[in-house]
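Inspection log for the structure reproduced underneath, given as structure tokens.
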Amino acid sequence: MTEPIITVADLHVTFATPRGDVPAVRGVDLVVAPGETVGIVGESGSGKSTLARAIVGLVDAQSGSVTVDGRPVRPVHGRRSRADAATVQMIFQDPYSSLNPRQRPIDAVAEAVHVCQRLDRKASRARAMELLGSVGISQAQCRMKTRSLSGGQRQRVSIARALAAEPKILVADEPTSALDQSIAASLLNLLRRIQSERGIAVVFISHDLGVVRYLAHRVYVMKEGVFVEDGVTVDVFEAPRHEYTRTLVSSVPGAGTTVAHGHAPAQE
Amino acid sequence: MRWASRLKDADRMFLIGALLLALIVLASALAPILSSFDPVRGTSPPMRAPSAGHLFGTDNLGRDVFVRAFAATRLDMMLAVVAVGVSLIVGTLVGAVMGMGGRSKVSGFLNLVVDSINAFPFIVLALGVVAVVGPSVPGVLSAIILTGWARYARVARARTAVIADADFVNAARLLGYGRSRVMIRHVFPNVYSESFAFALSELVIVILAIASLSFLGAGVRPPTPELGAMISEGRIMLTRAWWISVFPGAVLALAALSIQLIADGYERMTRYA
């Protein structure tokens, strides 16, 4: 394996609540190679979203380390450098809170281009138009109010905004779970295309095994804050070693065979 | 352009409110200038019923009630706009600091101040301030501002805390936007639209509060024309000269109604999608 672009070592994340500390992630090790898509599956509350947020620096680790592109991840509450932004970006679960309602798509993406690429206003807008076009947002939709965009369109705008930073890694936290199936399928195709065209590493979080099977080269199975199994996607799904993985696979009709929309499972 | 498209899909109630308010503002701007009657010094026979010469009649000192009512409306509206404007700016800034500040000592102290002020009934606190400063225009203004800003702070605090946690703000931070860019372009615009909607609905309450203070004798003093004071003065003559109280009361009610319609309409038009 080449030098990993993400290395998570013995990560612990704990949340302080009025009823005491609740551990969300309890000792996790993870590596992601450049250009690789890694799926993290698990039920709700298994800690997978927290892990995703720790990788980008949105939550602080209790102990352990997250190294991204050779440097420890910096908490976002400090000032992040351009290099930080160009390393890792995130796609969020809820399309309705991931875009500023006071910005039109073109403005949101152009702002990201302006800050991350240091382009002037005109060049930023031109680049933003290109990016939005490449994720399937029409010129007319670029200038629409955010509130009149659908969930799927919003996620596409979020992806374009993240790509404005030209990141090496994209962390996607259940980006399709708020969308209906055909919209979700076309968004997955978009993510797959971006991943192969740009060669960026993708960490894809989902509770949907079919989706992960379609997208991920390797998969980690998470339960109660720890990984119970990991391996090449096909192996994990065809021959699960851990009992929990077997339960997951058998509880999803079709997850072991085909995926919605007739695409063949990822096997490259 | 943006306003034009907004006005087109504005609802009918907003337009009715705007029209009514425009009429009231126009009347209160023009009546004291165009009319030959003085709003303070009486020159006509007292206690005359409404007629073509005196549309709202005259009061016990021979002053034209129409001119006085609209001079009073002008004063009340200006006081309310100044009081709400200052409270809005101060309160929203303080609230935004508290919303972003987390658990620092400064925001803990501000929280205590804001919650203490909001815990008191507004009019009681305002009466207390007037008792200290004195019943006058500055007294009324300071009473309304000192008690009012804390309500805006509470609104802005809650809103800022929600917005600061929203994923589009996380996305902005991840993209490496500076602190001030995140605050000015992403947090604040989503806070102030709600604060502004709140200020419009507060304007109604504040106009009524200014009139109430004067009605209670703790506000603007006679002979300065003020709606609450006028209603109070005419009260003892209500059976013989109803117009002295009823017309100022009607103008006050219509002014409050027009602003309420505008506030409701604005809120419908800018609601967070």
Side-chain angles (χ1 to χ4, degrees), chain A residues 16 53 55-59 73-104 107-109 111-118 145-149 154 157-159 161-167 169-171 173, chain B residues 1-11 92 96-97 99-104 107 156 158-197 266-273:
Chain A
R53 284 174 182 256
I55 291 172
V56 299
L58 281 173
V59 296
V73 75
R74 267 195 259 187
V76 290
H77 289 279
R79 181 78 165 93
R80 280 165 71 90
S81 67
R82 271 168 81 194
D84 292 322
T87 302
V88 59
Q89 287 299 323
M90 187 164 178
I91 309 298
F92 296 92
Q93 177 173 8
D94 178 9
Y96 293 91
S97 80
S98 53
L99 295 177
N100 183 346
R102 315 285 295 181
Q103 276 183 324
R104 286 160 206 257
D107 300 321
V109 179
E111 183 183 23
V113 175
H114 171 70
V115 173
C116 297
Q117 309 297 334
R118 299 282 159 94
K145 282 181 183 171
T146 291
R147 77 175 71 169
S148 49
L149 296 179
R154 286 167 192 239
V157 175
S158 290
I159 291 171
R161 182 181 58 192
L163 293 180
E166 300 188 351
I169 306 159
L170 207 51
V171 176
D173 183 12
Chain B
M1 162 73 199
R2 248 172 94 193
W3 273 102
S5 73
R6 267 189 195 172
L7 275 183
K8 207 173 60 188
D9 50 41
D11 51 31
T92 304
V97 169
M100 295 296 280
R103 289 181 196 164
S104 68
S107 68
R159 183 72 179 162
T160 306
V162 169
I163 297 294
D165 222 25
D167 282 339
F168 67 83
V169 174
N170 285 330
R173 294 190 182 117
L174 282 176
L175 285 161
Y177 295 179
R179 217 175 246 275
S180 50
R181 176 181 285 271
V182 171
M183 194 68 202
I184 292 166
R185 301 196 53 149
H186 295 273
V187 176
F188 212 62
N190 289 290
V191 171
Y192 82 56
S193 63
E194 196 180 79
S195 294
F196 190 70
Y266 177 83
E267 209 218 306
R268 273 193 293 270
M269 284 186 287
T270 59
R271 193 169 290 162
Y272 182 62

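Atom set for the values below is all heavy atoms of this structure, side chains included, hydrogens, waters and symmetry mates excluded.
- A salt bridge (charged side-chain N to carboxylate O under 4.0 Å, His left out) check over residues 161-171 of chain B, counting only residues at least two apart or in different chains, returns the pairs R53(A)-D167(B).
- If you measure heavy-atom distances from A108(A) to chain B, the contacts under 4.5 Å come from the backbone alone.
- Taking 4.5 Å as the limit, some side-chain heavy atom of F92(A) sits within range of a side-chain heavy atom of L174(B).
- Smallest separation of non-hydrogen atoms from A85(A) and L175(B): CB-O, 3.5 Å.
- For the set A112(A), A162(A), C116(A), A165(A), the entry with the most heavy-atom pairs within less than 4.5 Å of chain B is A112(A).
- Contacts of E111(A) with chain B are made by both backbone and side-chain atoms, with heavy-atom separations under 4.5 Å.
- Closest heavy-atom contact between G176(B) and V115(A): O-CG1, 4.3 Å.
- Separation of atoms CZ (R102(A)) and CZ (F168(B)) is listed at 10.0 Å; rounding is to 0.5 Å.
- For R185(B), the parts lying near chain A are the backbone and the side chain together; criterion is any non-hydrogen pair under 4.5 Å.
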